[in-house]
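Remarks on the structure that follows.
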Amino acid sequence: MEAPSNVIAQRREKLEEIRNLGANPYPYRYSPTHTTSEIHQQFAAIQETPDESKPICIAGRIMTKRDHGKSSFANLQDSEGLIQIYVRQNVIGDDRYDIYKILDVGDIVGVEGVVFRTRTGELTVLANALELLSKSLRPLPEKWHGLQDKETRYRQRYADLIVNREVKDVFSKRTLIVQAIRDYLNAIGFIEVETPVLQPIYGGANARPFITHHNTLDQTLYLRIANELYLKRLIVGGFDRVYEFSKDFRNEGMDRDHNPEFTMLELYQAYADYEDIMCLTEQLIAHTAKEVVGSTEITFQGEEISLEPPWQRLTMIESIGVKTGIDVESLGDGALQDAALDAKVDLDGVESRGGTIAAIFDTLVEPKLLQPTFICDYPIEVSPLAKKKRGDERFVERFEYFMVGMEMGNAFSELNDPIDQRERFIEQGKKLEAGDEEAFMVDEDYLRALEYGMPPTGGLGFGIDRLTMLLTDQRSIRDVIFFPQMRPEDQT
RNA sequence: GCGCCGUUAGCUCAAUUGGCAGAGCAUCUGACUCUUAAUCAGGCGGUUGAAGGUUCGAUUCCUUCACGGCGCACCA
């Protein structure tokens with residue numbers, strides 16, 4: 001650990017001083033009657049003379065302290081905001097004032113008092129009594145500039161949250177987003193379920209897994225990369241509308257859009273196809289935006305984004321034509337590859353025509369999709385869990401939706417033909433054997449489930465983290481995850 | 001994994017061409033009973049991320065390493 005600084009040593013001495021003065025620096029409980037925001041609401045009309053008939057108790061952290069000899073002002077912060085307190089020696093008494101004098105910024109106190117307004121108009125609690133609730137030993141970052149250093153902010157999120165209030169707002173919104181989604185889905189007949197995090201066979205996405213081991217079973221287990229195949233088993237079992245907020249784990253690189261563990265919402269609706277899911281998606285996201293930011297019109301990194309349905313719908317082939325001028329359908333396989341290479345698309349590891357189309361899309365089209373756009377009908381080669389497109393077996397009924405240049409979600413008409421699904425798995429198995437660590441494993445139990453018969457089903461998955469980035473205007477996923485993954489801190 | 005940039009007091013940041021490592025806030029002492037970036041006076045605070053090298057002398061130049069940010073790659 002880091003060496004104790006002088007400040008920490010000083011504060012440890014104050015601990016003893018406080019004990020010597022007869023106070024417990026770590027008492028057990030306190031009963032606040034109000035939060036700071038309740039005081040601001042309920043006493044908005046108060047004038048300079050306090051209403052002695054309405055004493056209140058608040059608890060919070062001292063954020064600033066302005067001592068004036070025999071009186072002092074301080075700002076107290078609780079979970080909802082700030083309020084000024086005014087402490088006078090002749091009001092709280094000499095003994096308590098002696099303790100108050102040596103309290104530090106960062107200490108947590110309980111204050112009983114009456115509310116009044118100062119000459120300068122600030123709503124203030126005049127303390128009748130003040131009690132230390134927890135002594136702080138470590139100095140807070142500076143009040144004016146706050147905590148800027150990103151590394152410290154991520155490693156010591158607790159300090160970040162104390163001093164940077166807007167960070168707390170982002171995470172409060174994240175909670176509201178989850179609640180809005182849950183409320184919306186519950187209201188239209190979905191039920192929330194839980195499925196395994198530890199899976200003997202990973203599937204449902206193309207990604208490298210984290211591998212772990214169960215000692216008693218002496219069995220390799222994988223942390224889930226998706227919960228898709230389990231939710232569809234529940235559709236087979238007769239739950240017609242299910243969803244799960246799924247913490248997923250992917251053993252891959254980290255950047256502004258990726259954290260090794262992240263949260264996906266997946267939902268499945270029996271008797272629906274991907275067109276139905278498109279309508280559900282745009283309604284769900286628009287509803288969430290209204291609940292959380294009050295509007296479907298949002299700003300992301302200076303860009304005006306409208307989430308108001310309906311969103312633009314393009315097939316992947318159409319979008320390539322619109323954004324690059326490449327007419328995919330008129331080009332043979334070789335000509336298409338040449339067109340891709342001319343446009344500096346990296347085709348390393350791409351073996352199929354469908355893979356080429358997807359690579360062109362990823363490189364040239366995706367970054368240009370700022371407003372919400374559904375991209376439909378993916379090449380079958382890159383979509384092993386989606387049902388073939390009606391009337392064109394080169395494609396599947398799949399869409400992803402994009403905004404601000406990011407992929408935000410993925411959905412299909414779910415493949416429910418067990419024979420077709422087995423063939424797709426076998427194709428994936430060949431890729432896996434050829435060294436593609438991200439290809440699927442054959443999941444015999446899932447095939448068995450499909451053989452019992454799964455209704456036609458539409459499914460959707462989208463990242464809660466990225467939706468939170470969008471709705472809170474944060475460009476980095478680390479700013480919407482409390483404790484983003486970090487390398488170990490050097491503690492020598 | 002690759003490239004670029006960064007790391008100086010508790011926090012936010014300076015330091016000229018390689019020449020005594022500084023400021024504001026915080027902290028400590030004293031004064032002050034309506035302040036709010038309180039004010040006034042005085043003080044403390046540093047292994048300049050780590051190790052090595054060049055040099056009379058390194059925060060500064062070189063090498064290696066650690067961590068972070070951004071970009072690329074990988075990937076949704």
Side-chain angles (χ1 to χ4, degrees), chain A residues 2-11 13-14 48 50 63-75 82-92 97 101-102 104-106 116-124 126 136-156 159-160 162-164 204-208 225-226 248 250-260 262 264 346 348-349 358 362-363 366 382 400-402 405-410 436-438 461-463 465-466 475-479 484-492:
Chain A
E2 50 201 295
S5 73
N6 285 338
V7 180
I8 291 178
Q10 281 166 357
R11 289 197 177 191
E13 285 170 16
K14 284 183 176 183
E48 288 191 20
M63 298 303 290
T64 59
K65 200 161 174 261
R66 296 175 290 282
D67 291 331
H68 295 260
K70 296 185 178 62
S71 77
S72 172
F73 290 92
N75 286 324
L82 285 166
I83 188 105
Q84 178 168 263
I85 63 169
Y86 184 36
V87 184
R88 295 173 59 129
Q89 187 175 36
N90 66 339
V91 175
I92 69 165
Y97 200 78
K101 269 195 298 189
I102 59 172
D104 292 301
V105 168
F116 75 109
R117 205 171 282 281
T118 63
R119 278 175 211 159
T120 50
E122 177 150 354
L123 204 63
T124 301
L126 175 63
S136 163
L137 297 182
R138 190 173 286 269
L140 286 176
E142 191 222 6
K143 61 189 172 190
W144 193 242
H145 299 92
L147 181 60
Q148 302 291 331
D149 182 69
K150 288 204 166 177
E151 181 172 355
T152 309
R153 288 186 46 217
Y154 297 147
R155 289 193 194 281
Q156 302 184 32
D160 188 29
I162 291 168
V163 298
N164 296 327
N206 297 107
R208 280 148 61 191
I225 58 173
D248 293 342
R250 298 189 183 175
N251 205 339
E252 285 157 357
M254 297 149 60
D255 60 27
R256 289 192 305 178
D257 300 328
H258 299 82
N259 194 64
F262 62 103
M264 288 266 285
D346 181 5
D348 271 6
D362 287 347
T363 308
E366 177 175 333
V382 299
E400 295 187 326
Y401 63 100
F402 298 84
M406 265 197 294
E407 186 220 319
M408 302 296 290
N410 183 21
D436 182 354
E437 287 182 86
E438 285 138 21
F462 64 86
D465 312 275
R466 289 186 183 180
R475 188 59 195 89
S476 172
I477 200 169
R478 296 182 204 98
D479 291 316
Q485 199 64 47
M486 303 283 276
R487 286 192 169 84
E489 201 170 356
D490 185 9
Q491 300 203 327
T492 53

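Atoms CZ (A:Arg155) and C1' (B:A66) sit 10 Å apart, rounded to a whole Å. Distance, A:Ile8 CD1 to B:G45 C1': 14 Å, rounded to whole Å. At whole-Å resolution of the value, CD1 in A:Ile162 and P in B:G10 are 18 Å apart. Distance, A:Trp144 CH2 to B:A26 P: 12 Å, rounded to whole Å. Atom CD in A:Gln148 sits roughly 16 Å away from atom C1' in B:U7 (whole-Å rounding).
Partners of A:Glu151 by side-chain hydrogen bond (donor to acceptor under 3.5 Å, both in side chains), not counting sequence neighbours, listed by chain and number: A:Arg155. Residues satisfying the ring-ring contact (aromatic ring centres under 6.0 Å, His included) criterion with A:Phe116, sequence neighbours excluded, are absent altogether. Under the ring-ring contact (aromatic ring centres under 6.0 Å, His included) criterion, A:Phe462 pairs with no residue at all, not counting sequence neighbours.
Two residues are said to be in side-chain contact when any heavy atoms from C-beta on lie closer than 4.5 Å; A:Ile162 and A:Gln156 fail this criterion. For the pair A:Ser72 and A:Ile85, the minimum side-chain heavy-atom distance is 4.5 Å or more.
Heavy atoms of A:Lys65 sit nowhere under 4.0 angstrom from any nucleic acid atom. At a threshold of 4.0 angstrom between heavy atoms, the contacts of A:Met486 are confined to the sugar-phosphate backbone, with no base atom among them. No engagement by A:Asn259 is indicated, since no non-hydrogen atom pair under 4.0 Å with the nucleic acid exists.
For RNA chain B, runs of at least 3 consecutive pairs of the Watson-Crick or G-U wobble type, with both hydrogen-bonding distances under 3.5 angstrom, map to B:1-7 with B:66-72, B:10-13 with B:22-25, B:27-31 with B:39-43, B:49-53 with B:61-65.
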For nucleotides 70-75 of chain B, give me every protein contact, N/O to N/O, under 3.5 Å, one pair per line with atom names.
residue	atom	partner	partner atom	Å
B:C70	OP2	A:Arg478	NH1	2.9
B:G71	OP1	A:Arg256	NE	3.1
B:G71	OP1	A:Arg256	NH1	3.1
B:G71	OP1	A:Arg256	NH2	2.3
B:G71	OP2	A:Arg256	NE	3.0
B:C75	OP1	A:Glu438	OE1	2.9
B:C75	O3'	A:Asn206	O	3.1
B:C75	O2'	A:Glu252	OE1	2.3
B:C75	O2	A:His258	NE2	2.5

Write down the protein N/O and nucleotide N/O pairs, taken from nucleotides 30-35 of chain B, whose separation is under 3.5 Å; answer none if there are no such pairs.
residue	atom	partner	partner atom	Å
B:C32	N3	A:Gly69	N	3.2
B:C32	N4	A:Gly69	N	3.3
B:U33	OP2	A:His68	O	3.3
B:U33	OP2	A:Lys70	N	3.3
B:U33	O4'	A:Ser71	OG	3.0
B:U33	O2	A:Arg88	NE	2.7
B:U33	O2	A:Arg88	NH1	3.3
B:U33	O2	A:Arg88	NH2	2.7
B:C34	O2'	A:Arg119	NH1	3.0
B:C34	O2	A:Arg119	N	2.8
B:U35	O2	A:Arg66	NE	2.7
B:U35	O2	A:Arg66	NH2	3.1
B:U35	O2	A:Gln84	OE1	3.3
B:U35	N3	A:Gln84	OE1	2.8
B:U35	N3	A:Gln84	NE2	3.0
B:U35	O4	A:Gln84	NE2	2.7
B:U35	O4	A:Thr118	OG1	3.0

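Here the nucleotide nearest the side chain of A:Gln10, chosen from B:A38, B:C67, B:U27, is B:U27. Set against B:C11, B:U27, B:U12, the side chain of A:His145 has B:U12 as its closest nucleotide.
Between A:Lys14 and B:U27, a side-chain N or O to OP1/OP2 separation shorter than 4.0 Å is absent. Contact check, A:Arg487 against B:G68: a side-chain N or O comes under 4.0 Å of OP1 or OP2.
With both ends at atom P, the span from B:G24 to B:G18 equals 28 Å, rounded to whole Å.
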